[in-house]
Amino acid sequence: MARKRKVANLMGLAVLSAVVLQPMHRYEIAARLRAWGKDSDMGIKWGSLYTVVDNLTKHGFLEITGSERDGARPERTIYRITDAGRAELTDWTRELVADPEPEQRRFTAGLSVLSVLPPDEVVELLTQRITKLDTVIAESRARLAALADTVPRLFLIEDDYELTMLAAEATWSRALRDSLADGSFPDTEGWRAWHRDGTLPQDLAELAAEGGATTPHTQHD
């Protein structure tokens, strides 16, 4: 189970991973994280950067080392990581790598109520998803190939993982789509008949009566 952290926003982890390299002000932190693509890796919101930096400082993970002024621009506060910040950074990373945690995904939510759609429509929707996934996968592979000779693989691991997950999702979605299209998915005809004439398959009707399944309400003329 994930530890309760003083600063739980994943942007805190991203900030620590940047400042561990050298002291920097908040504009430099944001520029470094954007260059690294951390907004896509961690789903971070740039509007929370100032608050996160302030909270990391409040809890002793960062400390102010001074400030600098560039021309007429406002003075910028410079932060550096503390020993406590280094310990938090490594402990947090260990937890994320070692401890699997359930993650809510929009696709999983859609699959959980898939029965509200007729199977033929699901085939069409999965075909759309697979086409989009294939495009993203091709673009990701090309980008990784272009970076392979210039960026150490250590700094591309998260991209490699995401590409592998996308490929697995495309393979799984394609198998589901094909099983619905050729009728090999269990009781496809019963599912189709339910949407056609409102006749719920016997096994689902029994589960619903026992409270073991939630079935949607469909209206028929």
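Computed from heavy atoms alone, side chains included, the values below leave out hydrogens, waters and symmetry copies.
- Inter-residue side-chain proximity for T51 and N9 is flagged as unmet; no heavy-atom pair is nearer than 4.5 Å.
- Transitive grouping of hydrophobic side chains (ILVMFWY, heavy atoms separated by less than 4.5 Å) keeps L13 and F155 in distinct clusters.
- A salt bridge is defined here as a Lys NZ or Arg NE, NH1 or NH2 lying under 4.0 Å from an Asp or Glu carboxylate O, and R174 with D134 meets this definition.
- The CD atom of E158 sits 7.0 Å away from atom CG of L156, with the distance rounded to the nearest 0.5 Å.
- Side-chain contact between H59 and T82: absent, with no pair of heavy atoms (C-beta onward) separated by less than 4.5 Å.
- Around the CZ atom of R80, the shell of radius 6.0 Å holds no more than 12 heavy atoms that belong to other residues, nucleotides or ligands.
- Side-chain contact check for L10 versus W92: some heavy-atom pair is nearer than 4.5 Å.
- The CG atom of L125 lies 11.0 Å from the CD1 atom of I130; values are rounded to the nearest 0.5 Å.
- Between L147 and D159 the shortest side-chain heavy-atom distance does not fall below 4.5 Å.
- A continuous path of hydrophobic side-chain contacts links I157 to L163 [ILVMFWY only; heavy atoms under 4.5 Å].
- Classification of the F185-W191 ring pair by plane angle, with boundaries at 30° and 60°, yields tilted.
- V151 and L144 fall within a single hydrophobic cluster, where Ile, Leu, Val, Met, Phe, Trp and Tyr are joined by side-chain heavy atoms under 4.5 Å apart, directly or via other members.
- Separation of atoms OG (S173) and CZ (R129) is listed at 6.0 Å; rounding is to 0.5 Å.
- Scanning all heavy atoms of the two residues, the minimum distance from E169 to F107 falls at OE2-CD2, 3.8 Å.
- Between V136 and E162 there is no side-chain heavy-atom pair separated by less than 4.5 Å.
- Here the shortest heavy-atom pairing between R141 and A167 reads NH2-CB, 4.3 Å.
- Using a 4.5 Å heavy-atom threshold, the side chains of E88 and R5 count as touching.
- Following chains of ILVMFWY side-chain contacts shorter than 4.5 Å, one cannot reach L126 starting from M165, and the two form parts of different hydrophobic clusters.
- For the pair V123/R177, a side-chain contact is recorded, criterion being any heavy-atom separation below 4.5 Å from C-beta on.
- Taking CD of E28 as the reference point, atom CD1 of I78 lies at 7.0 Å (rounded to 0.5 Å).
- A18 approaches M24 most closely through the heavy-atom pair O-CE, 3.5 Å.
- Hydrophobic clustering places W194 together with V116 (ILVMFWY residues linked when any side-chain heavy atoms are closer than 4.5 Å, directly or through intermediates).
- Side-chain contact between I64 and Y79 is present, with heavy atoms from C-beta onward closer than 4.5 Å.
- The CZ atom of F61 lies 9.5 Å from the CD1 atom of I81; values are rounded to the nearest 0.5 Å.
- Here CD of E124 is found 7.5 Å from OG1 of T127. Values are rounded to the nearest 0.5 Å.
- Pairing each heavy atom of T93 with each of L89, the nearest pair is OG1-O, 2.7 Å.
- Scanning all heavy atoms of the two residues, the minimum distance from T150 to P152 falls at O-CD, 4.1 Å.
- Residue T188 comes nearest to L180 through the heavy atom pair CG2-O, 4.1 Å, listed as atom of the first residue, atom of the second, then distance.
- Shown are N55, L56, L49; of these, the side-chain contact (heavy atoms from CB on, under 4.5 Å) with V52 is made only by L56.
- The number of heavy atoms from other shown groups lying within 6.0 Å of CG (D182) is above 12.
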